Every structure is written in C-alpha cells, then in structure tokens.
Amino acid sequence: MNETRTWTSELTKAYRNIKDLYHFLGWELSPEVEDVAKLYPIFITRSLALKLKEDGPHGVLAREFLPLKSEMAPSGLMDPIGDKIHLKAPQLIHRYHSRALFTPTTVCPVHCRYCFRKNELSVSDELFINDFEKTLSYLRDHKEITEIIFTGGDPLTLSNSKIENYLVAFSHLTHIKDIRFHSRYPVILPERIDNEFLDLIKKFSTHFRTLSIAIHANHSLEFDETSKSKIIELSQTKVQLLSQSVLLKGVNDNTEDLTNLMETFHSLGVRPYYLHHPDQVRGGMHFYLPLQRGREIYQALRQKLPGWAIPQYIVDIPGGHGKVPAYNPETTQFSGQFMGKGGHILSSPEPEFFV
Ligand code: SF4
C-alpha cells in the first residue's frame, strides 16, 4: 500500500537518532560526534537525508546540518543577539520601533548547526511560553508597532488553523499593517506549502498591507525540484517572497556559491533581501569568519550581481543592540575598537555608530 506523504508525516519520520541516520547514510560515526548529538540533537527529514547522502560526508549540507566535534568548543555566546533583553511578553520581542518578533513555536523542520538559538531551542524557556493574551495586551498598548514577524523555531510548524487564528487576532489590531514569516520550510520541507496554506496566504494578503515570507537558504544545493515548484506556486500568490541567508565559513563563504544562491532565489521569484554575518553562538563558532573577510566576499558579490540581486549584508551586534549594515564603504571605524582578536565583533554602545 502506498503511504501518503504529508509534511506532518515527514516530521514524524525524521531522523532524531544519530546512529539510525549514519546507518542510512552508510558513513562512519565517531564517538565524539555521537556525544555532540547528545548536547545538540539532530533533526533530519528523510528527504534531507537523501540530499546529504548525495552531497557526501564532506559536502556543504553535512556541514550545515550534521554534528561536528567543533561544536563542543567553549567559545561563543549563549544568547548571541541578546533577544531576551527585549522580551516584552511571552513570545514577543520588541527591539525595533515599528516591528516586533512573535515566537509561537520552538519546533523547526531541521536543526541547523549554526543556529543563533541552538542553546535555547532544546529547552522551552520564557521566549516560547504560550500566553497570547499578554502578547495582545502589549501590542494594544504599543500602537507604534506596525509589523509582526513570525519567527521561532519555525512558524510554519504551526497548523494552518493555528496560523489563521493568529492572523485573525492580529488583523483586529488596526495598527498592525504588515505580517512577515521567516521560514526554512519552503526549502527543507516544501510539502508544508499545501493547498490549504496557499489559500490562507491568498486570503490574508488582502487583510494586511503586505504579507511576506522570508525564505531561509544558504546554498543552492539545498533546493530540489519540489522546493522549486512550491516556491514558484507561492510566488504566484500575492505574497512577497524575500530571501534570508547566513554567510557561513565552509558553506558559502565565496562569491561563486553566493552568486548561485542569489540567482536561484531570483529565478524562483524571491527577492534577495538579507545576508547575515554569522552570529557568535556557543557551539557554532566554527562557522564564524571575521567581518573583514565577509566584507571582501560581499564586495566581490556586488561586482558580480546586478543591484536588484544583491541582498543587504547585515550584522547583529551582540548584547541586544540589533541589526546594522555590515558593509558601508565609507565607514572605516568598524574595524577598530569594537573588534576582538581575529576580527570578532565584541559589542557597541550605539548601533547608529555603524550605520
Ligand atoms: S530553522 Fe531557523 S530557527 Fe530553526 S534551527 Fe534552523 S536557523 Fe535555527
């Protein structure tokens, strides 16, 4: 009997046990890597496991999604972007004047090894406690907030009906004009973009001024035919599709891979939007590269791509100071007093300093 493949069944069948995964891959599993997976568990869907196998043990996908001994290094910050400083209600982070982050779930379709929340996602802390009434109450008192950004975890882990309930609630707050989702599903588990979700997106695109989905991918090898066709389906609705990528050492820290990635996004109707400098997260420092190196790569990317295909290169200043442009050819102070050995950004009293 043929099993029906749905996104929820794919989540249920995902590899969570490192031995089972390596058995499927046919690769040798070292005791050290097994220990890393105890601290930072894996979560790999069957379709991603197939892509990993094809790309090989030393490929970019293995680096993005499989444990490495380097994750045990004691460097890096537990909360690298200082989210908790700006937690205003359970599940609500208000850091920027007109927009707020809403974190309704801890669950993702994959555990990215570089994730800035890798030390928070395994424990359900106050960032994810469900108390929606407090969130609504804060929003009612803060009419300057015009955009809600669904993040997490990955917000598309929520069922369509839960997403609909949240959208209805936000649509009753007349100052909320824009809605944005940040998600890895369209690339990692594209079956999530089912007909019901497409209908939901079509319906709510008329309730808000803009409805956007920022699609997270870091390398063109992450895409397959299903993800490409689902993203094209999404692009045919009124939703605004944006790209979101992280510059990662050993994955995409070269102009050629980034050019391919931006061209892939563009060919699917996704506007290149954000290229994040990697966060200095505990357990993910092997993905970190000095800002100066990032700027060189970005400068070369600017020379290769037309203006409309160039994402903004941004960096989150540790300590909750927020995102600032990482590239400004006229600003030279950036490489000075706020950088540690090897070009690590330490902190800044005033984010405006960098702009
Ligand atoms: S999908 Fe996003 S939040 Fe989830 S592990 Fe990956 S980077 Fe982190």
Side-chain angles (χ1 to χ4, degrees), residues 7 10-11 14-16 18 21 36-37 39-45 47-49 51-52 60-68 71 76-84 91 93 101-125 127-128 149-158 180-193 212-219 221-223 227 231 242-252 261 273-288 311 314-316 323:
W7 67 277
E10 286 300 292
L11 286 182
Y15 288 102
R16 297 157 194 262
I18 187 95
L21 175 67
V36 177
L39 181 63
Y40 297 118
I42 60 151
F43 191 84
I44 304 284
T45 58
S47 51
L48 180 56
K51 285 189 220 171
L52 280 162
V60 293
L61 298 182
R63 187 161 169 89
E64 279 196 85
F65 304 120
L66 295 186
L68 272 186
E71 286 174 63
L77 305 166
M78 298 301 275
D79 177 14
I81 66 172
D83 264 351
K84 287 186 190 153
Q91 303 180 308
I93 298 162
L101 297 181
F102 178 51
T103 59
T105 178
T106 56
V107 181
C108 298
V110 64
H111 288 177
C112 310
R113 309 313 292 185
Y114 54 84
C115 178
F116 70 103
R117 294 225 168 97
K118 70 183 293 177
N119 297 292
E120 297 168 281
L121 288 172
S122 49
V123 288
S124 182
D125 69 359
L127 209 60
F128 303 103
I149 301 169
F150 282 69
T151 175
D154 193 312
L156 295 198
T157 301
L158 301 173
R180 193 190 326 162
F181 293 90
H182 280 237
S183 181
R184 242 191 173 303
Y185 273 95
V187 175
I188 294 294
L189 186 50
E191 290 80 359
R192 173 64 189 89
I193 312 302
S212 314
I213 301 178
I215 297 176
H216 179 171
N218 307 315
H219 200 281
L221 283 175
E222 292 176 27
F223 296 79
S227 53
I231 294 171
L242 307 168
S243 79
Q244 183 194 9
S245 309
V246 189
L247 181 62
L248 297 168
K249 187 173 168 187
V251 173
N252 59 12
L261 177 63
Y273 182 51
Y274 268 157
L275 176 65
H276 295 259
H277 193 70
D279 295 311
Q280 296 176 65
V281 64
R282 172 77 56 93
M285 288 302 286
H286 52 296
F287 290 106
Y288 194 79
I314 51 163
V315 59
D316 242 298
K323 291 183 181 59

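Remember, it's 1-based here, ligands and their atoms both numbered in the order they're listed. Since the structure is predicted, the reported quantities are computational estimates derived from the model, not experimental observations.
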Is the shortest side-chain N to carboxylate O distance from Arg184 to Glu64 below 4.0 Å?
yes
Mind checking whether Ile188 and Phe65 have side chains closer than 4.5 Å, heavy atoms only?
yes
So for Val110 against ligand 1, with non-hydrogen atoms under 4.0 Å, the contacting part is backbone
Measuring to atom 6 (Fe) of ligand 1, does His111 have an N/O/S atom at a distance below 2.8 Å?
no
Given Asp279 and Tyr114, is the side-chain hydrogen bond (donor to acceptor under 3.5 Å, both in side chains) satisfied, shown in steps?
CA-CA 8 Å; Asp279 295 311; Tyr114 54 84; over 6 Å; no
Phe223/Leu261 under side-chain contact (heavy atoms from CB on, under 4.5 Å): CA gap, chis, key distance, verdict:
CA-CA 10 Å; Phe223 296 79; Leu261 177 63; 3.9 Å; yes
Who gets closest to atom 6 (Fe) of ligand 1 by heavy atom: Cys112, Ser183, Gly153?
Cys112
With heavy atoms under 4.0 Å as the rule, classify the contact between His216 and ligand 1 as side chain, backbone, both or neither.
side chain
